Structures are given as C-alpha cells and as structure tokens.
K.L.:
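Got a structure for you, written out below as structure tokens; questions coming shortly.
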Amino acid sequence: MDQLDMLDPTGQMTTLAPISESPLTPTHQHLHGSYHSMNHMMSHHHPGTLSGHTGGHHGHSAVHHPVITAAVAAAGLHPDTDTDPRELEAFAERFKQRRIKLGVTQADVGKALANLKLPGVGALSQSTICRFESLTLSHNNMIALKPILQAWLEEAEAQAKNKRRDPDAPSVLPAGEKKRKRTSIAAPEKRSLEAYFAVQPRPSGEKIAAIAEKLDLKKNVVRVWFCNQRQKQKRIVSSVTPSMTGHGSAGFGY
DNA sequence: ATGCATGAGGA
DNA sequence: CCTCATGCATA
C-alpha cells in the first residue's frame, strides 16, 4: 500500500544529487540566551543570557573521563557535580514531585520565575518546564536551567510554610491577535522524511528542495523539520527510550 | 506532552 | 543556512 508513498531514499537519492556533501562542521556554536520578540503589544527586554554555554562543542564529553575528572578535582575546581547527567536526572524528578506536592502547574512555575527577579531571568513557558522535567532538553540547556528552577523551588517551599494565600482573580484575557498556524505533516510524508534523515541528516539546500517537491511540502517546512530532528537527537532523553524512564543508573542518551 | 516555528548569533 | 534555546498551538 505504501510502496508508492514510501520513497526509497537510497534509490531516489541518485536522482536528487550525489551523496557527497556535509563538510561536517565541528558544531561550533555560541549560545545567546533567551528572548521573546514577536510581541506586537509590548516589548519586554531580556538583558541577560541564560545560556551557560562553554563556547563550542557539547562540553560534556571530556568531563566524564576518569583522568580528567580526577584532574579537575585535584585542581580544586568544582567537579562536574553540576554537569553530571545523573544529577540532572535526579534533580528533575525531585523538582517535579515537589512541584506537584505544592500544587503548582508547569505553567505556574514558568510565570513565577519572573517574580524571582534573578538577573537576566524572565518567565518561561509551560513547554520548557515540561521539557526540563522530562529531560527532553539538551545537556547544556538543562544545566543552565537547573539553578534557576532550584531557586524557585526553595522559595516556593519556604512560602508554603507560611501558608500564604493570595486572592487574585483577574482573568481578563487580552483581545484576540493573529493565531500562529502549525502545519501538520502527514504520516506517510513523515516516514519518508525519517528515511531521508537516516541516510543524510544534513541535506544540502538543493536536496531539501528536491525532497520538498517530491513530498509536496514547502521547502521551509522540510528544512525546519530537519533542524528540529537534529535537535531531538541531542536531547538528554531521546524520545525513544522505553527503558529506564525514571531513574536507575542513568547513563547517556547518546 | 510534543510538533512545527521563530529568532539571535555565528560562520 | 546552521545551531540552540524557547514557545505557540495542538493532539
């Protein structure tokens, strides 16, 4: 049934272009930090930067090396106790449990962060809090967010002891603005994209265009799909990891 | 909870 | 165009 829809990446690839590409850049990237713009009402401004990026690679490959770890410890510099995936995992779970115990939603946490008035720390979305709890963020992103969420948690629990209750009730939703629309890629097309991704995670612009036309999708949609797919691969917990989805001897999602 | 998208910053 | 952090919209 699907044989018509299911393109054979390996076979069709020759029609699109030679499989020679990918200069394979060492992935050197500098983060910039948070921001939110497209708000046509008010322009908030985030002066700070949430990213604690090291300035290049993923920054956690070498730190786990026994020798290096020992060297770091010997140097008196902080061990990687803050960058240890298991520590992050443990914290994420503690965080979630205590958050729920406080009767606070993920969205609430996001909003509350702005009230902490930490330097360069504004509010975050429910999505981000959720992703933090489920470890579906990059290693560096987790490390950057951990101290912030930890600060909120401590503050929230401190106030909980005081039995604080604030009776606010204003729910005046602002008028309707233009809604952003999300294009939905159908299952067959998605399967094809995955097949292409398997053989070439970073297709050239020309290839992307060819794939887009073949699948009858906008080129930009296809390009963004590949970008998002690459990001998924870098998550601490790859979406597809049925085993040990909670704890144990967490290791590496890569 | 997750899919598709935006935008800063960097080559 | 990419990577990364992040979020709106939606399943």
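Lettering of chains follows the sequences in order, A, B, ..., and the numbering in each one begins at 1. The structure displayed is predicted, hence computed values, not measured ones.
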K.L.:
Nearest whole Å is fine: how far is C:dA5 C1' from A:Ile236 CD1?
P.N.:
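Taking CD1 of A:Ile236 and C1' of C:dA5, I get 14 Å after rounding.
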K.L.:
Rounding to an integer number of Å, can you tell me how far A:Gln233 CD sits from C:dC4 P?
P.N.:
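Spelled out: CD on A:Gln233 to P on C:dC4 is 12 Å.
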K.L.:
If we ignore hydrogens and angles and just use 3.5 Å, is the side chain of A:Thr128 paired with the main-chain N or O of A:Leu124 as donor and acceptor?
P.N.:
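Side chain of A:Thr128 to backbone of A:Leu124: no pair is present.
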K.L.:
Can you identify which nucleotide, out of B:dC4, B:dA1, C:dT6, has its nearest atom closest to the A:Lys96 side chain?
P.N.:
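The answer is B:dA1.
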K.L.:
Tell me the interatomic distance from A:Gln231, atom CD, to B:dC4, atom P, rounded to whole angstroms.
P.N.:
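These atoms are roughly 14 Å apart.
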K.L.:
Phosphate oxygens OP1/OP2 of B:dA5: is one of them under 4.0 Å from a side-chain N or O of A:Asn220?
P.N.:
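For B:dA5, OP1/OP2 do not have a side-chain N/O of A:Asn220 under 4.0 Å.
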K.L.:
To the nearest Å, how far apart are A:Arg235 CZ and B:dG3 P?
P.N.:
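It is 7 Å, rounded to the nearest whole Å.
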K.L.:
Is any side-chain heavy atom of A:Met142 closer than 4.5 Å to a side-chain heavy atom of A:Lys146?
P.N.:
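Of all side-chain heavy-atom pairs linking A:Lys146 with A:Met142, none is under 4.5 Å.
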K.L.:
Hey, which of these two, A:Asn228 or A:Ile208, hits DNA chain C nearer its 5' end, going by closest nucleotide?
P.N.:
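That would be A:Ile208.
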K.L.:
Of the nucleotides C:dG7, B:dT2, C:dC2, which has the atom closest to the A:Gln126 side chain?
P.N.:
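The nucleotide sitting nearest to the side chain is B:dT2.
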K.L.:
Which pairs pass salt bridge (charged side-chain N to carboxylate O under 4.0 Å, His left out) with one or both residues in residues 103-112 of chain A, sequence neighbours excluded?
P.N.:
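Qualifying pairs: none.
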K.L.:
Could you give me the CA-CA distance, side-chain angles and deciding distance for A:Arg230 and A:Phe197, then say whether side chain to side chain contact (heavy atoms under 4.5 Å, CB included) is met?
P.N.:
CA-CA 9 Å; A:Arg230 279 177 230 127; A:Phe197 187 82; 4.0 Å; yes
K.L.:
What's A:Arg223 touching, base or sugar-phosphate or nothing? Going by heavy atoms closer than 4.0 Å.
P.N.:
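Here A:Arg223 touches the backbone only, sparing every base.
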K.L.:
Roughly how many Å is it from CG in A:Leu137 to C1' in B:dT2, rounded to a whole number?
P.N.:
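To the nearest whole Å, that distance equals 12 Å.
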K.L.:
Taking only the side-chain heavy atoms of A:Thr128 (C-beta and beyond), determine which of C:dG7, C:dT3, C:dC4 contains the nearest atom.
P.N.:
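The listed nucleotide nearest to A:Thr128's side chain is C:dG7.
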K.L.:
Answer yes or no: does a side-chain N or O of A:Lys234 lie under 4.0 Å from OP1 or OP2 of C:dC4?
P.N.:
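For A:Lys234, the contact criterion (side-chain N or O under 4.0 Å from OP1 or OP2 of C:dC4) is met.
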K.L.:
Establish whether the base of C:dA5 is bridged to the side chain of A:Asn140 by a donor-acceptor pair shorter than 3.5 Å.
P.N.:
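For A:Asn140, whose side chain was compared with the base of C:dA5, there is no donor-acceptor pair (under 3.5 Å).
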K.L.:
Whole-Å distance between B:dA5 P and A:Phe226 CZ?
P.N.:
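These atoms are roughly 14 Å apart.
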K.L.:
Does any donor-acceptor pair link the side chain of A:Arg182 with the base of B:dC4 at a separation under 3.5 Å?
P.N.:
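No.
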K.L.:
Expressed as a whole number of angstroms, how long is the span from A:Glu133:CD to B:dA1:P?
P.N.:
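Roughly 7 Å, once rounded to whole Å.
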K.L.:
Please determine whether a side-chain nitrogen or oxygen atom of A:Lys190 lies at a distance below 4.0 Å from atom OP1 or OP2 of B:dC4.
P.N.:
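For B:dC4, OP1/OP2 do have a side-chain N/O of A:Lys190 under 4.0 Å.
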K.L.:
What contact category does A:Lys232 fall into here, base, sugar-phosphate, or nothing, at under 4.0 angstrom with non-hydrogen atoms?
P.N.:
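Here A:Lys232 touches the backbone only, sparing every base.
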K.L.:
Could you name each residue pair satisfying salt bridge (charged side-chain N to carboxylate O under 4.0 Å, His left out) that touches residues 94-104 of chain A, not counting sequence neighbours?
P.N.:
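Passing the test, one end in residues 94-104 of chain A: A:Glu87-A:Arg94, A:Arg98-A:Glu157, A:Arg99-A:Glu133.
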K.L.:
Specify the separation, in whole Å, of atom CH2 of A:Trp225 and atom P of B:dT2.
P.N.:
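It is 17 Å, rounded to the nearest whole Å.
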K.L.:
Is any side-chain N or O of A:Arg202 closer than 4.0 Å to OP1 or OP2 of C:dT3?
P.N.:
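For C:dT3, OP1/OP2 do have a side-chain N/O of A:Arg202 under 4.0 Å.
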K.L.:
Assign A:Ser127 to base, sugar-phosphate, or nothing according to its heavy-atom contacts below 4.0 angstrom with the strands shown.
P.N.:
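Base: the residue A:Ser127, judged by heavy atoms under 4.0 Å, touches a nucleobase.
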K.L.:
With distance as the sole criterion, do the side chain of A:Arg131 and the base of B:dG3 form a donor-acceptor contact below 3.5 Å?
P.N.:
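Indeed there is one.
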K.L.:
Just compare B:dA5, C:dC2, B:dA1 and give me whichever is closest to any side-chain atom of A:Arg230.
P.N.:
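So the nucleotide nearest the side chain must be C:dC2.
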K.L.:
Look at the side-chain N and O atoms of A:Ser134 and state whether any lies under 4.0 Å from the OP1 or OP2 oxygen of B:dA1.
P.N.:
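So the side-chain polar atoms of A:Ser134 never come under 4.0 Å of the phosphate oxygens OP1 or OP2 of B:dA1.
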K.L.:
Can you check whether A:Lys181 has a side-chain N or O nearer than 4.0 Å to OP1 or OP2 of C:dT10?
P.N.:
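Answer yes for this pair, as a side-chain N or O of A:Lys181 is under 4.0 Å from OP1 or OP2.
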K.L.:
Is it true that a side-chain atom of A:His139 and a backbone atom of A:Lys234 form a donor plus acceptor pair closer than 3.5 Å?
P.N.:
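A pair under 3.5 Å: no.
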